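None of the values given here were measured: they were computed from a predicted structure. Naming: A, B, ... by sequence-line order, numbering from 1 per chain.
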Protein chains: 2
Amino acid sequence: MSGGSAPIRLLLADDQALVRGALAALLSLEEDLTVVAEVGRGDEVVPEARRSTPDVALLDVEMPGLDGIAATAALRAALPTCRVLVVTTFGRPGYLRRAMEAGASGFVVKDTPARQLADAVRRVHAGLRVVDPTLAAETLAAGVSPLTERETEVLRTARGGGTVADLARALHLSEGTVRNHLSAAIGKTGARNRADALRVAEQNGWLLGE
Amino acid sequence: MSGGSAPIRLLLADDQALVRGALAALLSLEEDLTVVAEVGRGDEVVPEARRSTPDVALLDVEMPGLDGIAATAALRAALPTCRVLVVTTFGRPGYLRRAMEAGASGFVVKDTPARQLADAVRRVHAGLRVVDPTLAAETLAAGVSPLTERETEVLRTARGGGTVADLARALHLSEGTVRNHLSAAIGKTGARNRADALRVAEQNGWLLGE
DNA sequence: CCTGGCCCCTGACAAATGTCACGGCCGGGA
DNA sequence: TCCCGGCCGTGACATTTGTCAGGGGCCAGG
């Protein structure tokens, strides 16, 4: 490893400054890696990447401005040569699927051992794919979202905690319709409550995208 | 700083291995700090501290086995000379209060700049207190939990997402009683829903302990 | 001792939530 | 072409949830 060639240039995106800085310290210990940029918001990824031309971008999923999945897609469109490694707290099954669909080359959860991160970066840079195997299995198990478009929309809006009447007004629907979509969502998620359904859907990453 | 004296010995506790390792790398860059132990569970803190006798322990709040607050109390009881710096993701107002009551010397949220962490450690080691000022203000504003013992208990049990009948059975109460406690909690939190009340209470750290 | 306040418990009632059966619309086979 | 299946939208109905008024126990202050 780490021959005489130019080091791999990295961009780090994570909303928690402490974690971001710590990751930078960790990766900077490797001779063949160099951190050229750090950002704390999803919508700063592309502008900063344009400026600093990284080889690999490490993106968190949970970020203000633009979530990591959307940032992945934007970055792939703007700088196709830059690979993306998604590094996230939650192993939500749906996240992996969405990240891959958006063009990520790798997906790592934050409780993988620290020493494996550098290797993951190198693999991604070499054009390989890196995926947490246990998470991959879960993803297969959870499958794609069973929720219909409207159902996800209603459920997403319901996160605010409003009453059915509020939702109906916000979505320009009858109260009965809203109730029905919620009921369908509850059935499909196997939950007993609206709140429960919300938890399940969120857990599986079925509520992503705005 | 960092004269010729012995370095400050640190114990790191965080359930996310990657973050833990990254923090270790970050802190190891400082000449006067040395990481002597890392654990991923709250109930490993005291045993490991007994073995490695750290000067300062950095504890996350969210951990399996034992939460960071309880771990703080246990550690203070077992090794009174070891100071505790709580490092957490969420700036829940109640967390700060509980941490301080449990004997922590400092409280830092994970979106403080990375360079400030080493200083926080040094301050704590020197016997000073370290508190995020904005968070301190919020804590004052949020005040102590207005919830009565029974109310918290009911609310805590309600996290499982069960129906009122379930709660009543689990707590050996009449359904009416459960409803009443929930109603009181809803009123006190200023929420409109049970789910909403749950969010508020959790946000303020009023549901800690078990 | 009485009184007032707080917490806990409970049932009856009103309001929100969840379920169901139905009709319209659209696209993909027989 | 017709039929079938899925999704969307809607109202009537049963169930669950939230509110209210009230009773009993306990403790501190007068």
Exercise for the section: Could I get the full list of salt bridge (charged side-chain N to carboxylate O under 4.0 Å, His left out) partners for B/Arg129, not counting sequence neighbours? Expected result: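 B/Arg129 satisfies salt bridge (charged side-chain N to carboxylate O under 4.0 Å, His left out) with no other residue.
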
Problem - For B/Glu175, salt bridge (charged side-chain N to carboxylate O under 4.0 Å, His left out) partners two or more places apart - result: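 Partners of B/Glu175 under the salt bridge (charged side-chain N to carboxylate O under 4.0 Å, His left out) test: B/Arg179.
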
Exercise for the section: Scan for side-chain hydrogen bond (donor to acceptor under 3.5 Å, both in side chains) pairs involving residues 69-84 of chain A, sequence neighbours excluded, and state none if there are none. Expected result: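 Listed once each, the pairs would be none.
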
Exercise for the section: Keeping to residues at least two apart or across chains, list the side-chain hydrogen bond (donor to acceptor under 3.5 Å, both in side chains) pairs with something in residues 190-202 of chain A. Expected result: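 Listed by first then second residue: A/Arg159-A/Glu202, A/Arg192-B/Asp166, A/Asp196-A/Arg199.
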
Which residues pass the side-chain contact (heavy atoms from CB on, under 4.5 Å) test with [X], sequence neighbours left out?
X: A/Val131; answer: A/Leu96, A/Met100, A/Ala136
X: B/Ala120; answer: B/Leu85, B/Val108, B/Val130
X: A/Thr34; answer: A/Pro7, A/Arg9, A/Val36

Problem - Nucleotide interval of DNA chain C bounded by contacts with chain B (heavy-atom cut-off, under 4.0 Å) - result: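 On DNA chain C, the outermost contacted nucleotides are C/dC7 to C/dG11.
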
Problem - Where protein sits on nucleotides 4-17 of chain D, one letter per nucleotide: B base, S sugar-phosphate only, - none, heavy atoms under 4.0 Å - result: ---SSBBB-----B

Problem - Heavy-atom side-chain contact between B/Leu10 and B/Asp55 under 4.5 Å - result: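 They are not in side-chain contact.
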
Practice task
Name all pairs fulfilling the salt bridge (Lys or Arg N to Asp or Glu O under 4.0 Å) condition that reach into residues 17-28 of chain A, sequence neighbours left out, sorted by first residue then second.
Solution key: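 Qualifying pairs: A/Arg20-A/Glu38.
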
Exercise for the section: Dot-bracket for DNA chain D, please, read 5' to 3', with Watson-Crick or G-U wobble pairs under 3.5 Å on both distances, ( ) within the strand, [ ] crossing, | other strand, . unpaired. Expected result: ||||||||||||||||||||||||||||||

What side-chain donor-acceptor pairs closer than 3.5 Å can you find for residues 109-116 of chain A, not counting sequence neighbours?
unit_1, atom_1, unit_2, atom_2, d
A/Lys110, NZ, A/Asp14, OD2, 2.9
A/Thr112, OG1, A/Val109, O, 3.0

